[in-house]
Amino acid sequence: QVQLVESGGGLVQAGGSLRLSCVASGRTRDINRMAWFRQAPGKERKFVAAILRLMGSTYVEDSVQGRFTISKNIAKETIYLQMNALKPDDAAMYYCAASTRPGRGSDYRNDDYWGQGTQVTVSS
């Protein structure tokens, strides 16, 4: 089993920045890749960015390309999402996901591992 705990969310003005963190624990050696998703009220969960745990290759959704950066610190079993130039449309609950399955990009399923989420609010 793998446990994921997100942190770093909060209230920020449009144009501001936040850095989200996701700490993994448990059978972390089984993790192949990790990602960030977000879900706004009344909307579907959407892929934001992903990273391969060992190789470090990253995938970022087009709408946040150039503003959001995903990174990792294996020693701390942590991934980060640096979010700059935030817009009101970026407001959502942000979830961390981890998968032990081979794959790439947004290929995550409900039976992968998910955190409880951290709320990001952007004021205009």
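Being a predicted model, the structure only gives us computed values, none of them experimental.
With a 4.5 Å cut-off on side-chain heavy atoms, M83 and T69 do not count as touching. Between L20 and V120, the closest side-chain pair of non-hydrogen atoms falls below 4.5 Å. Within the 4.5 Å cutoff, the side chain of I79 has heavy atoms near those of the I51 side chain. Side-chain contact between K72 and E77: absent, with no pair of heavy atoms (C-beta onward) separated by less than 4.5 Å. With a 4.5 Å cut-off on side-chain heavy atoms, L18 and L86 count as touching.
Under a 4.0 Å N-O distance rule, the pair D111/R109 qualifies as a salt bridge. A salt bridge is absent between D90 and K87: the closest approach of a Lys/Arg side-chain nitrogen to an acidic carboxylate oxygen does not fall below 4.0 angstrom.
By the 6.0 Å and 45° rule, R38 does not stack over the aromatic ring of Y94.
Side-chain contact of N84 with S17: a donor-acceptor pair under 3.5 Å is present, judged by distance alone.
Although no hydrogens or angles enter the test, the distance criterion places no donor-acceptor pair under 3.5 Å between the side chain of E61 and the main chain of Q65. Side-chain atoms of R104 do not come within 3.5 Å of backbone N or O of L52 as any donor-acceptor pair.
Grouped with V5 in a hydrophobic cluster is no other residue, since no side-chain heavy-atom contact under 4.5 Å to another Ile, Leu, Val, Met, Phe, Trp or Tyr is found.
Applying the salt bridge (charged side-chain N to carboxylate O under 4.0 Å, His left out) test to D62 and every residue at least two apart in sequence or in another chain returns nothing.
Ring to ring, F37 and F47 are close: their centroids are under 6.0 angstrom apart.
Legend: side chain to side chain donor-acceptor pair (under 3.5 Å) pairs involving residues 113-124, not counting sequence neighbours: none detected.
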